[in-house]
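One structure coming up, written as structure tokens, with questions to follow.
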Amino acid sequence: MPQLPAPAYPAEVRARLEADAKEVIARYPGSRSALLPLLHLVQSEEGYVSRTGMAFCAELLGLTTAEVTAVATFYTMYRRRPSGDYQVGVCTNTLCAVMGGDAIFDRLKDHLGVGNDETTEDGKVTLEHIECNAACDFAPVVMVNWEFFDNQTPESATRLVDDLIAGRTVEPTRGAPLCTYKETARILAGFPDPRPGAVEATGGAGAASLIGLKLAKGEAVGQARVVGPRGAAPRDTPPHDPSPTEHLSSHDAPQQTSASDPANPAGPAAEEGE
């Protein structure tokens, strides 16, 4: 059934959002480039990107609501329905799943009584599985409002969501102190984090991430350098000679193809059936 036009924001909300939106738009040479941060801005107001929020973005940027909807539905960081104060994402991609991510996700579903992309009745926690947190060296990883909680287990993840629901202080493994989903959305819109010490607390890579770099540079104890210094002559390493049964990858020597094998030159594609 066709939907009625989205309701407008109340006047005072509209005035506040419009002032913030103009500040965001002024950062870009073309106004439509501000769409992504504006979607975060309206998400910080309602906790998700509503039809009202999309209409607001379209109006200010001179876009159609279809163009805004196409972007809002493409990126998973934009919620399409009301969500909890804390977005709990469990990585269930390959490495995290093997290390226990699937078990964590199943435990939290049972413990919270919700399914994927569902919110607890008290509105505190929205649970979802996510494809990758780009933190495989700390697998399995859980994120709360995009802050890292590394090396989780079903038991530690259960304690984590219980603390969130009870309002107890929760400290991420790395990064800034935790804040609500709406507050996170406003920061992602490009506005400063006003909490004292929050910016300074933002962390970088952990030891598990840096050990590979140390190995490459030969800085790890008892390890020789495995990657030559930038600009140095390559080492005399014999070419890789795979066995007949070995699967070749893009890291191996080129295989004989029509482009590289003179005995099989590439020619014009034949019509089907010829």
Side-chain angles (χ1 to χ4, degrees), residues 35-37 39-40 43-44 47-49 70-81 83-112 114-120 125-161 164 170-190 193 201-216 227 247 249-251:
L35 177 55
L36 295 182
L39 287 170
H40 283 299
Q43 187 159 252
S44 74
Y48 71 110
V49 178
V71 174
T73 56
F74 180 83
Y75 293 102
T76 57
M77 289 182 73
Y78 300 122
R79 307 292 302 167
R80 294 301 313 282
R81 58 173 179 251
S83 59
D85 293 334
Y86 300 100
Q87 190 83 17
V88 176
V90 182
C91 183
T92 55
N93 211 333
T94 306
L95 183 57
C96 277
V98 169
M99 298 294 289
D102 285 342
I104 291 172
F105 188 61
D106 290 340
R107 173 73 67 85
L108 292 184
K109 286 194 295 184
D110 291 340
H111 184 70
L112 296 172
V114 298
N116 180 51
D117 203 23
E118 293 181 356
T119 304
T120 55
V125 171
T126 296
L127 178 67
E128 67 172 347
H129 77 84
I130 47 184
E131 286 302 316
C132 185
N133 284 322
C136 301
D137 38 2
F138 297 100
V141 174
V142 173
M143 293 194 91
V144 180
N145 295 349
W146 311 115
E147 298 294 348
F148 285 103
F149 291 80
D150 301 325
N151 302 313
Q152 292 294 295
T153 65
E155 293 72 26
S156 66
T158 300
R159 290 193 299 271
L160 170 61
V161 296
L164 293 172
V170 172
E171 295 291 339
T173 309
R174 295 172 284 138
L178 203 60
C179 58
T180 68
Y181 189 64
K182 289 182 179 180
E183 291 170 330
T184 301
R186 182 170 177 82
I187 295 169
L188 291 174
D193 189 337
T202 300
S209 302
L210 297 175
I211 187 63
L213 180 61
K214 291 181 178 180
L215 286 169
V227 176
H247 173 69
S249 75
S250 59
H251 298 284

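What you are looking at is a predicted structure, and each value in this text was computed from that prediction instead of being measured.
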Please report the closest heavy-atom contact between Gly47 and Lys182, naming both atoms and the distance.
N-CE, 3.6 Å

Do Thr73 and Arg80 have side chains that approach each other closer than 4.5 Å (heavy atoms only, starting at C-beta)?
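Yes - at least one pair of side-chain heavy atoms lies under 4.5 Å apart.
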
Which heavy atom of Val49 sits nearest to which heavy atom of Ala72, and what is that distance?
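Taking every non-hydrogen atom into account, CG1-CB, 4.3 Å.
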
Would Val161 and Leu108 count as a side-chain contact (heavy atoms from CB on, under 4.5 Å) here? Give the steps.
CA-CA 8 Å; Val161 296; Leu108 292 184; 3.9 Å; yes

So, do Val125 and Leu112 sit near enough that their side-chain heavy atoms are less than 4.5 Å apart?
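Counting from C-beta outward, Val125 and Leu112 do come under 4.5 Å.
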
Under-4.0 Å salt bridge between Glu128 and Arg79:
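Yes, Glu128 and Arg79 are salt-bridged.
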
Starting from the C-alpha separation in whole Å, work towards a yes-or-no answer on side-chain contact (heavy atoms from CB on, under 4.5 Å) for His40 and Met77.
CA-CA 9 Å; His40 283 299; Met77 289 182 73; 4.3 Å; yes

Look only at the side chain of Glu183 and the backbone of Thr180, and say whether a donor-acceptor pair between them is shorter than 3.5 Å.
yes

On the six-membered ring of Tyr48, is Arg81 placed so that its NZ or CZ lies under 6.0 angstrom from the centre and within 45° of the ring axis?
no

Please collect all salt bridge (Lys or Arg N to Asp or Glu O under 4.0 Å) contacts where either partner lies in residues 83-95, sequence neighbours excluded, each pair once.
none

Sub-3.5 Å donor-acceptor pair from the side chain of Thr120 to the main-chain atoms of Thr126, do we have one?
no

Check whether Thr173 reaches the backbone of Asp150 with its side chain - one donor and one acceptor, N or O, closer than 3.5 Å.
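Yes, Thr173 side chain to Asp150 backbone: donor-acceptor pair under 3.5 Å.
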
So Tyr86 and Leu178, do their side chains get closer than 4.5 Å, heavy atoms only?
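When only atoms from C-beta onward are counted, Tyr86 and Leu178 do touch, with a gap below 4.5 Å.
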
Scan residues 92-110 for pairs that pass salt bridge (Lys or Arg N to Asp or Glu O under 4.0 Å), counting only residues two or more places apart or in two chains.
Asp106-Lys109, Arg107-Glu155

Please say which of Thr158, Val142, Leu160 ends up in a side-chain contact (heavy atoms from CB on, under 4.5 Å) with Ile104.
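When side-chain contact (heavy atoms from CB on, under 4.5 Å) is applied between Ile104 and each of Thr158, Val142, Leu160, only Val142 qualifies.
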
Nearest heavy atoms of Gln43 and Tyr181, plus distance in Å:
NE2-OH, 3.4 Å

Spacing of Arg159 atom CZ and Gln152 atom CD [to the nearest 0.5 Å]
8.5 Å

Within a 6.0 Å radius of atom CE on Met99, are there more than 12 heavy atoms belonging to other residues, nucleotides or ligands?
no

Counting distance only, does the side-chain N/O of Tyr78 pair as donor-acceptor with the main-chain N or O of Leu36 below 3.5 Å?
yes

Could you tell me whether Arg174 sits above the aromatic face of Phe149, with NZ or CZ closer than 6.0 angstrom to the six-membered ring centre and within 45 degrees of the axis?
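No - Arg174 does not lie over the ring of Phe149 by the 6.0 Å and 45° rule.
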
Between side-chain atoms of residues 90-97 and protein atoms elsewhere (two or more places apart, or another chain), which donor-acceptor pairs fall under 3.5 Å?
residue : atom : partner : partner atom : Å
Thr92   : OG1  : His129  : ND1          : 3.3
Asn93   : ND2  : Glu131  : O            : 2.5

Smallest heavy-atom separation, Gly101 atom then Pro140 atom, equals N-CB, 3.8 Å

Please lay out, stage by stage, how Ile130 and Thr76 fare under the test side-chain contact (heavy atoms from CB on, under 4.5 Å).
CA-CA 9 Å; Ile130 47 184; Thr76 57; over 6 Å; no

For Ile187 and Cys179, which heavy atoms make the closest approach, and how far apart are they?
CD1-SG, 4.3 Å

What's the shortest heavy-atom distance between Pro172 and Pro177, and which atoms?
CD-CA, 4.3 Å

Any heavy-atom pair between the side chains of Trp146 and Leu188 that's under 4.5 Å?
yes

Heavy-atom side-chain proximity of Asn116 to Leu127 below 4.5 angstrom
no

